[in-house]
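Below is one structure; the comments refer to it alone.
What you see is a predicted model, and the numbers here were worked out from it, not measured in a lab.
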Amino acid sequence: MNHCFAPRRAIRPALAAALLVLAALVAAPPAHAQDADDNVFHSGDSLPWGAPNDGVRFLPLYGDMSADGEVFAFRLEVQPGFELGPHTHPVTEHMTVLSGRFFVGVGETMDKEAGTAYGPGSYIAIAANVPAYMWADEETVVQVQGVGPFSTHPVTPPQG
């Protein structure tokens, strides 16, 4: 599929900060050890969530998202007001909304009128290199999985 996009535009500083926070979080190593057979068991009451960072908590579940061809899974818990401006990933991003309400839109410009709300149980797959943006208006947990290497690239790099 061929995609034609409008010229890149500057994003707000808050969106740029959210992109940088997410990039740092997804670069973090898993907080658990997988056994020799790659089995991982997490009890719901003992999940190793990271400390909140700008209203986002990160939970690595499986794999090394930075490794080529490696299956990975992680969760993000975001607070009301979370926004992640237009960005891309080099691999397909698979998301399942576990709780709350998660808004997603596709395009190089954040347009909340064009986004769609997804509730618990919803599944979203955004193809590699397709610009997308997200936000939440309530505490929300989203599980993300895919095949690495996974990284986040703002559509318009933050102006410094």
Audit row: Glu93, Phe150, side chain to side chain contact (heavy atoms under 4.5 Å, CB included) steps and yes/no: CA-CA 8 Å; Glu93 176 181 34; Phe150 185 80; 4.0 Å; yes

Give the minimum heavy-atom separation between [X] and [Y], together with the two atoms involved.
| X | Y | value |
| --- | --- | --- |
| Ala73 | Gln143 | CB-NE2, 4.5 Å |
| Ser66 | Pro149 | O-CB, 3.5 Å |
| Pro120 | Ser99 | CG-CA, 4.0 Å |
| Pro131 | Val106 | O-CG1, 3.3 Å |

With the side chain counted from C-beta on, respond yes when [X] and [Y] share a heavy-atom pair under 4.5 Å apart, and no when they do not.
| X | Y | answer |
| --- | --- | --- |
| His89 | Ile126 | no |
| Val141 | Leu76 | no |
| Leu61 | Val40 | no |
| Asp64 | Phe72 | no |
| Gln145 | Phe74 | no |
| Glu70 | Met65 | no |

Partner residues of Val71 under the side chain to side chain contact (heavy atoms under 4.5 Å, CB included) criterion, sequence neighbours left out: Tyr62, Val147

Which residues share a side chain to side chain contact (heavy atoms under 4.5 Å, CB included) with Ser122, sequence neighbours left out: Val97, Tyr118

Salt bridge (Lys or Arg N to Asp or Glu O under 4.0 Å) contacts in which one or both residues fall within residues 122-137, not counting sequence neighbours: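 Every salt bridge (Lys or Arg N to Asp or Glu O under 4.0 Å) pair that includes a residue of residues 122-137, provided the two are not neighbours, is Arg101-Asp137.
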
Pairwise salt bridge (Lys or Arg N to Asp or Glu O under 4.0 Å) hits with a residue in residues 119-133, at least two apart: none

Partner of Glu108 by side chain to side chain contact (heavy atoms under 4.5 Å, CB included), out of Val155, Thr88, Thr156: Val155

Test item: side-chain donor near acceptor, Thr109 and Asp111, under 3.5 Å: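 Looking only at side-chain atoms, Asp111 and Thr109 do not form any donor-acceptor pair under 3.5 Å.
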
His153 and Ser151 side chains, donor-acceptor separation under 3.5 Å: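 Side chains of Ser151 and His153: pair found under 3.5 Å.
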
Which residues share a side-chain hydrogen bond (donor to acceptor under 3.5 Å, both in side chains) with Glu139, sequence neighbours left out: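 Counting only residues at least two positions away or on another chain, Glu139 forms a side-chain hydrogen bond (donor to acceptor under 3.5 Å, both in side chains) with Gln79.
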
Test ring pair (Phe, Tyr, Trp, His ring centres under 6.0 Å) applied to Phe103 - qualifying residues, sequence neighbours left out: Trp135

Centroid-centroid distance, His87 to Tyr133, less than 6.0 Å: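 Centroid separation for His87 and Tyr133: 6.0 Å or greater.
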
Geometric class of the Tyr123/His94 ring pair [parallel <30°, tilted 30-60°, perpendicular >60°]: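 Taking Tyr123 first and then His94, their aromatic rings lie parallel (interplane angle under 30°).
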
Intermediate values then yes/no, side chain to side chain contact (heavy atoms under 4.5 Å, CB included), Phe58 and Arg75: CA-CA 6 Å; Phe58 178 73; Arg75 290 184 185 165; over 6 Å; no

Pairwise distance OG1(Thr140) to CZ(Phe102) - rounded to 0.5 angstrom: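 Going from the OG1 atom of Thr140 to the CZ atom of Phe102 covers 7.5 Å.
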
